[in-house]
Amino acid sequence: MEARAVVKGFQFCTWIDSEKVKRRPPTGSARFSRRLKEEQSKRQVLVAAAHLPKSNRHRHVAVDYSHWNPASTMESGNFHAHFDEAPVLKTKSQEIEPYLNGRCIYLVGMMGSGKTTVGKILSQALNYSFVDSDTFVEHEVGGKSVAEIFKLYGEGFFRDKETEALRKLSMMQRYVVSTGGGAVVRPANWKCMQKGISVWLDVPLEALAQRIADVGTGSRPLLHHGPGDAYSKTFMRLSSLFEERGDAYANANARVSLENIAAKMGYRDVSNLSPAAIALEALQQIECFLEEERGRTRVF
């Protein structure tokens, strides 16, 4: 009740945002993106797919991304699905929503990976609420920014508040939660997130560094140090952080690899992917996890 009162009283709408990690292969990623590559010029959604029987869960759809600006969208955190994307997202969300049983969805990943942007799309599609755990902490500490909290009280204080926030959120239902990049390092945080479904947004470090360098590192206390140009400094620091966190990210229930999505859609650069395409892949990977979960339940 305490956490719900805080969430209801506050608008969570801000962008807060390799060798080491054993990357798990995609577990049944839907074939829709192969078809996207072949048919995206048609610029239409095959809405008839929504009426296929449940057994045909790998539906072929075509989505128009021709008017989408990826860079500005991912950094602002503001996104509304194009009119022909919304039905596709809604159809997939309606297929998996009954099996979620109200469980929260926790998005994990490096800073700048798009957790807030994608999280908002998922929450809209699933009729869930959205909350950013960093913003939750900021609200709990009197409105101070994450950078100010680090400066005034240190990282340890922030991590304690982050764990407290996730504990409160874990007692709630029907939330998409965008977590901080370092939330995965504490076992106590995983204990909270295991009450829901965790999804790792896996973005290449080069793309992350470029994205963050383009908007500046001032709001990111773990990056705002050292000499050198913004990209090089950011890339080196991200590489170090990923060495520390990569294995922890891989503990998530589902993995959304932007490199895999881009390859299937015929893109060389993951920055060409739309947030809607990433959100749809997330729904499909959640669906795969739920099917595996139901299979384990039937076995036992």
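Keep in mind that this is a model prediction, so the values were computed, not measured.
Rounded to the nearest 0.5 angstrom, N127 CG and Q94 CD are separated by 8.5 Å. Atom CG of residue L280 and atom CG of residue L122 lie 9.5 Å apart, to the nearest 0.5 angstrom.
Of the possible donor and acceptor atoms, none in the side chain of N189 sits under 3.5 Å from a partner among the backbone N and O of V184. For the pair S113 (side chain) and M110 (backbone), a donor-acceptor distance under 3.5 Å is present. No donor-acceptor pair under 3.5 Å is formed between the side chain of Y106 and the backbone N or O of Q194.
Between I261 and V256 the shortest side-chain heavy-atom distance falls below 4.5 Å. Proximity of L100 to I286: side-chain heavy atoms (C-beta onward) are separated by under 4.5 Å at one or more points. Between N101 and Q173, the closest side-chain pair of non-hydrogen atoms is not below 4.5 Å. Between V131 and T135 the shortest side-chain heavy-atom distance does not fall below 4.5 Å. Inter-residue side-chain proximity for L205 and L208 is flagged as met; some heavy-atom pair is nearer than 4.5 Å. For the pair V270 and P204, the minimum side-chain heavy-atom distance is below 4.5 Å. A heavy-atom distance below 4.5 Å is not found between the side chains of V108 and N251. Counting heavy atoms from C-beta outward, T116 and F130 have side chains that approach closer than 4.5 Å.
Side chain to side chain, Q285 and E281 meet the donor-acceptor criterion of an N or O pair below 3.5 Å.
Ring geometry, F235 versus Y231: the interplanar angle falls under 30°, so the pair is classed parallel (tilted spans 30 to 60°). The aromatic rings of F150 and F158 sit tilted relative to each other, their planes meeting at an angle between 30° and 60°.
Note on E162 versus R159: salt bridge recorded, some NZ/NE/NH1/NH2 to OD/OE distance being below 4.0 Å. Salt-bridge formation is not detected for the pair D132/K120: no Lys NZ or Arg NE/NH1/NH2 atom is positioned less than 4.0 Å from an Asp or Glu carboxylate oxygen. Of the charged side-chain nitrogens involved, at least one lies within less than 4.0 Å of a carboxylate oxygen, so that E293 and R103 count as a salt-bridged pair.
For S170 against C192, the heavy-atom pair with the smallest separation is CB-O, 3.6 Å. The two atoms that bring V137 and A165 nearest to each other are CG2-CB, 4.0 Å, heavy atoms only. Of all non-hydrogen atoms in K92 and E287, the two that sit nearest each other are NZ-OE1, 3.1 Å. Here the closest non-hydrogen pair linking S133 and L166 is CB-CD2, 4.4 Å.
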_Could you go through R174 and E97, starting from their C-alpha distance and side-chain angles, then the distance that decides it, and tell me whether this counts as salt bridge (charged side-chain N to carboxylate O under 4.0 Å, His left out)?_
CA-CA 10 Å; R174 301 186 66 83; E97 194 274 337; 2.7 Å; yes
